[in-house]
Amino acid sequence: MNTLRETLARRADEAEIPAVDVDELVATGERRVRRRRAAAVLGSTVVAVVATVVLALVFTSLTGTERSSDPVNRPKQGQSEPAREVVRKIVYADGTEGRTVHYGARKVDTGHTFVWMDVTDDGFVYLLDDGFSQATREQRSSVWFSDGGGVERIGSDACPTITRADPKTVDKVVTDRSGSLVAWFDCTSRVPSLDVYDTRDDPIGGRPRRLAREAETSCAHRPDFLENTCFLKGIVGDHIYWERQVWAETLKRVVLMRYDVATGRTASVTQRDYAADLVNQPRALVLGRSRLDGTPTDGIGVNFTSAGRRLVPLRQLPDGGDSVPTKAFAGSTGDRVQLRLPAGYRTEDPITLFEWLDDDTVALGAGVNAWGGDGKPDADILRCTVSTGRCVLAVPGVRDVRIVPHLLLPG
Amino acid sequence: MAVKRREDASDFSDLVTTRSGSLFRTAYLVVGDHQIAQDLLQEALVKAYVAWPRLRDVAKAEAYVRRTVVTTAISWRRRRSFHERPADVLPDPGVADQTDRLATQDAVWDVLRSLPPRQRAALVLRYYEDLSEVQTAELMGCSVGTVKSQVSAGLAKLRERVGPDLDEPRHGDQAVAR
């Protein structure tokens with residue numbers, strides 16, 4: 001068989017080994033993983049629904065009575081983990097007071113006046129201005145959460161706001177595009193700590209639980225102490241990102257920090273790491289000429305301008321100047337995102353993406369989180385499918401200020 | 001969890017970097033076509049990435065990828081371009097001149113490419129990878145008896161078409177180059 005062996009060895013040696021693109025393999029693998037998870041969720045949901053219906057019918061037929069509805073708004077205990085990957089609800093509050101929050105079909109009277117809120121898979125978060133503290137000479141803010149039922153305070157002393165150039169971020173509290181984590185700097189102690197909160201139900205205690213508290217932020221306590229001033233940047237999966245400015249009379253450098261909730265470790269990382277993290281999950285948009293050389297974003301705060309029915313994404317120039325038309329690509333598939341306004345729909349207001357409802361659905365607002373200048377903004381909310389580009393008018397506007405998650409009301 | 005996936009991606013990257021050459025050679029010999037071998041390797045590597053939480057280490061993953069290459073090649077029955085390809089020119093079975101070694105090897109290669117995928121895979125694993133019949137059976141996902149019959153049938157066709165050149169003594173190092 002030596003001729004056979006030699007033939008095989010020679011042919012193998014002569015074969016030109018192709019270059020293998022690891023990133024492409026990983027991206028393809030991730031897409032398959034996501035498809036499998038989605039299929040598993042669908043399957044388990046169908047099974048759970050069928051099982052529930054059958055059990056309910058059996059129970060009703062045996063007892064002849066009806067179950068009373070559960071007054072508690074939280075999801076039922078024992079709900080399977082994958083079934084939590086539900087579509088997020090559209091969240092908004094109308095008027096300048098922001099007291100009543102529309103959470104899907106529910107209305108939550110918070111009893112509080114606030115101008116900023118955020119959202120997780122389990123409810124919404126808002127920040128309450130608690131006034132000026134004479135003791136610390138700082139503005140105090142508390143963090144509140146609602147699952148669509150009551151409200152509860154989950155943080156007592158979020159560090160003061162420092163408004164950045166990035167208008168979409170309030171800097172105080174951040175959430176991810178999916179999941180249950182909320183993070184903020186807590187100023188209770190002299191050196192601010194990073195608090196990370198999980199809004200999921202604790203199946204044992206029946207209340208949300210705090211995941212982690214990171215004391216070593218090396219951040220300054222007050223914003224007017226310029227040295228080591230920190231700005232929360234966002235949450236991506238298990239990673240909390242913030243920027244730490246290092247000053248010595250002038251700004252010397254900005255260090256990007258990352259806290260890993262899973263391992264409890266904090267490390268400095270590069271912008272490239274952050275960008276890679278952003279596009280490593282489906283809820284991302286890449287802005288630019290192509291997916292390869294574009295700028296990865298979480299999509300939140302991306303503005304669009306209308307050209308007929310087409311929604312043209314805008315990219316702000318690096319110097320903070322004008323926005324210019326660009327292209328958008330879905331982070332997961334690399335497909336170009338080409339959203340279209342509903343037939344017959346017209347608006348003069350800027351249109352802004354403010355929430356991912358699921359991996360393929362986004363909520364956009366026309367003139368939301370804006371005062372509207374001379375005229376009142378439309379404040380319509382559109383729901384758009386990323387893969388098809390189709391948009392529908394989900395919540396008609398009130399021609400008044402409408403507060404939506406993630407976006408900071410100017411002024 | 002996202003963190004776990006990123007660690008997996010790093011280990012997976014190591015596997016691709018260090019072992020894709022060897023895995024491609026196996027894929028190429030099994031299918032006999034450069035382009036299809038690329039597709040095959042890519043498919044096997046993506047499957048390995050998806051299955052990574054069960055694989056854990058590179059050695060185990062390489063075996064998984066190699067097995068996937070073989071079983072996927074066999075299952076790609078619709079890709080007739082590399083299945084049972086007829087040999088263009090049958091070699092002259094009467095010549096056994098040492099100087100014609102390369103020509104003989106080309107003839108062997110042509111016949112190999114014309115064999116059914118199971119026979120070809122069995123011969124590659126036994127005579128290129130130097131695997132035992134048990135190891136070959138494990139990789140092909142079949143019984144040892146099937147391996148024996150596939151190898152026997154493949155060799156019979158090679159002998160029938162190439163003649164005694166197939167069994168000529170080997171010169172030099174016994175090791176098979178990789």
Side-chain angles (χ1 to χ4, degrees), chain A residues 1-37 39 81 176-179 181 235-240 258-265 267 269 273 276-284, chain B residues 1-6 8-9 12-13 15-17 20-29 32 34-35 37-38 41-42 45-52 101-102 104-109 112 123-124 126-130 154-155 158 162 165-171 174-178:
Chain A
M1 291 311 106
N2 290 330
T3 301
L4 176 57
R5 290 181 192 276
E6 288 167 0
T7 300
L8 292 170
R10 180 188 142 211
R11 288 288 173 171
D13 287 344
E14 288 177 356
E16 185 183 347
I17 307 299
V20 181
D21 186 339
V22 180
D23 291 340
E24 179 60 32
L25 288 172
V26 170
T28 306
E30 286 293 339
R31 282 198 290 276
R32 286 194 192 175
V33 169
R34 283 194 292 272
R35 278 203 299 270
R36 287 185 180 195
R37 282 181 186 152
E81 182 74 13
D176 197 2
R177 294 149 286 176
S178 63
L181 296 185
I235 302 178
V236 184
D238 290 331
H239 293 160
I240 320 293
R258 181 168 75 191
Y259 174 69
D260 189 326
V261 175
T263 63
R265 286 203 293 256
V269 294
D273 294 328
D277 228 5
L278 277 179
V279 294
N280 194 29
Q281 57 171 291
R283 302 183 191 190
Chain B
M1 187 174 283
V3 173
K4 187 69 200 124
R5 297 300 308 180
R6 278 186 289 279
D8 291 349
F12 176 75
S13 178
L15 168 75
V16 174
T17 305
S20 61
S22 168
L23 291 164
F24 175 78
R25 289 189 187 96
T26 301
Y28 174 65
L29 294 179
H34 198 275
Q35 184 60 50
Q38 280 191 50
L41 178 60
Q42 170 146 338
L45 287 171
V46 169
K47 285 181 178 176
Y49 181 83
V50 172
W52 198 270
R101 177 178 297 277
L102 290 181
T104 303
Q105 288 180 1
D106 288 344
V108 169
W109 179 246
L112 263 175
L123 290 176
V124 168
R126 291 283 286 122
Y127 295 102
Y128 174 71
E129 299 284 354
D130 276 343
L155 289 177
L158 280 169
V162 180
D165 286 2
L166 190 68
D167 299 311
E168 70 188 18
R170 189 177 187 180
H171 299 277
Q174 290 294 310
V176 176
R178 295 289 164 88

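Chain letters run A, B, ... following the sequence lines, proteins first and then strands; every chain starts at 1. Since we're looking at a predicted model, the values are computed, not measured.
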Checking heavy atoms, do the side chain of B:L123, its backbone, both or neither come under 4.5 Å from chain A? both
With a 4.5 angstrom heavy-atom cut-off, which part of B:Q38 approaches chain A: side chain, backbone, both or neither? side chain
When you look at A:T3 and B:V162, which way does the side-chain contact (heavy atoms from CB on, under 4.5 Å) test go after all the steps? CA-CA 10 Å; A:T3 301; B:V162 180; 5.8 Å; no
Rounded to the nearest 0.5 Å, the CG atom of A:L4 sits from the CZ atom of B:R126 at a distance of 11.0 Å
Starting at CD of B:E129, measure out to CG of A:L8 and round the result to the nearest 0.5 Å. 10.0 Å
So, using salt bridge (charged side-chain N to carboxylate O under 4.0 Å, His left out) as the criterion, who are the partners of A:E16 when residues are at least two apart? none
A:R11: partners by salt bridge (charged side-chain N to carboxylate O under 4.0 Å, His left out), with sequence neighbours left out: B:D106
Check A:L25 against B:L45 and note the closest heavy-atom contact, atom names and distance. CD1-CD1, 3.7 Å
Start with the C-alpha gap between A:V20 and B:F24, add the side-chain angles, then the distance that decides, and say whether side-chain contact (heavy atoms from CB on, under 4.5 Å) holds. CA-CA 10 Å; A:V20 181; B:F24 175 78; over 6 Å; no
Side chains of B:V108 and A:E6, heavy atoms from C-beta outward: is any pair under 4.5 Å? no
